[in-house]
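Each remark here refers to the structure printed beneath this line.
Excluded from the calculations below are hydrogen atoms, water molecules and symmetry mates; all remaining heavy atoms, backbone and side chain alike, are included. Order of listing sets the numbers, starting from 1, for every ligand and every atom in it.
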Amino acid sequence: MSNVLLIHSSVFGEKSQSLGLARDFLKRYRHRSLVERALAPHTMPHLDGETFAAMGTDAADLDGRQKEAVALSDELIAELEVADTIVLAVPMYNFSIPSTLKAWIDHVARRGRTFRYTEKGPEGLLRNKKVFVLVARGGVYSKGTPHAAFDFQEPYLRTVLGFLGMTDVTFVHFEGLAMGPEAANANRSKALAHVERLTGGAVAEAAD
Ligand SMILES: Cc1cc2nc3c(=O)[nH]c(=O)nc-3n(C[C@H](O)[C@H](O)[C@H](O)COP(=O)(O)O)c2cc1C
């Protein structure tokens with residue numbers, strides 16, 4: 001039974017399609033505990049120079065101000081470390097991910113904590129985790145479709161998650177939301193069918 005970390009990043013809050021799909025997924029996915037991290041502009045600041053410098057300093061050498069600067073990065077990494085399943089609800093914004101999710105990545109990609117460089121190259125330190133990414137998009141970008149090359153969301157996330165050690169990554173696509181109600185409904189059914197295949201329709205246990 002897994003400990004789940006749910007991260008969502010839509011500007012639409014509870015009306016978000018990607019979050020709605022993630023909640024549908026979690027209703028069926030058996031889990032022991034659930035931690036939820038909502039990424040909003042006021043809770044997920046951009047990385048600044050002071051924070052980046054503190055992230056690269058040994059904990060023992062940090063002064064009070066630096067400890068404060070690095071506290072959010074520490075907290076976000078701790079959430080990742082204890083989770084064995086990560087569920088990302090990700091809208092497509094301008095062909096890529098929301099800037100709040102990019103800021104979250106900038107805070108958790110930390111040398112010596114979540115990755116390191118070896119003689120053989122970089123090595124991710126967040127291993128043995130399952131990641132499910134539920135994406136919502138106005139258009140259609142799946143493999144084999146005319147606009148597949150415009151998808152900078154899935155290739156980027158696969159690359160950066162893999163860099164941090166998370167290679168067991170499954171995407172569920174909810175696409176065509178802006179292409180009329182018929183297409184949206186058909187694609188919602190497709191996405192839900194995928195969720196059911198992934199979860200085996202299992203009934204979720206109550207979260208802690
Ligand atoms: C700022 C913004 C940028 C968007 N950019 C794109 C885009 O590049 N391609 C696309 O297909 N849809 C785009 N959309 C549509 C969203 O992907 C769509 O509304 C989706 O439902 C968002 O997921 P959410 O409901 O979880 O926020 C954009 C929406 C917003 C608000």
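Nearest non-hydrogen protein atom to atom 12 (N) of ligand 1 is G138 N, 3.1 Å. Among all non-hydrogen protein atoms, the one lying nearest atom 2 (C) of ligand 1 is Y93 CD2, 3.5 Å. M92 O, 3.5 Å is the protein heavy atom nearest to atom 16 (C) of ligand 1. Atom 27 (O) of ligand 1 has as its closest protein heavy atom S10 OG, 2.5 Å. At the top of the distance list for atom 25 (O) of ligand 1, counting protein heavy atoms only, stands Q17 N, 2.8 Å. Looking at atom 22 (C) of ligand 1, its nearest protein heavy atom turns out to be P91 CB, 3.5 Å.
R37 places no side-chain N or O within donor-acceptor distance of the main-chain N or O of L76, the cut-off being under 3.5 Å.
Relative orientation of the H173 and F171 rings is parallel, given thresholds of 30° and 60° on the angle between their planes. Aromatic ring orientation, F12 versus Y93: perpendicular (interplanar angle above 60°, classes split at 30° and 60°). Ring geometry, Y141 versus F95: the interplanar angle exceeds 60°, so the pair is classed perpendicular (tilted spans 30 to 60°).
Considering Y141, F12, F95 only, the shortest heavy-atom separation from atom 10 (C) of ligand 1 involves Y141. Considering N94, L177, L19 only, the shortest heavy-atom separation from atom 7 (C) of ligand 1 involves N94.
Separation of the F25 and Y29 ring centroids falls under the 6.0 Å cut-off.
The side-chain contact (heavy atoms from CB on, under 4.5 Å) with M166 is formed by just one residue from the set T114, V131, N128; it is V131. For the side-chain hydrogen bond (donor to acceptor under 3.5 Å, both in side chains) criterion with S142, the lone passing option out of K190, H147, R137, E175 is E175.
The distance criterion of under 3.5 Å between nitrogen or oxygen atoms is met by G139 with respect to ligand 1.
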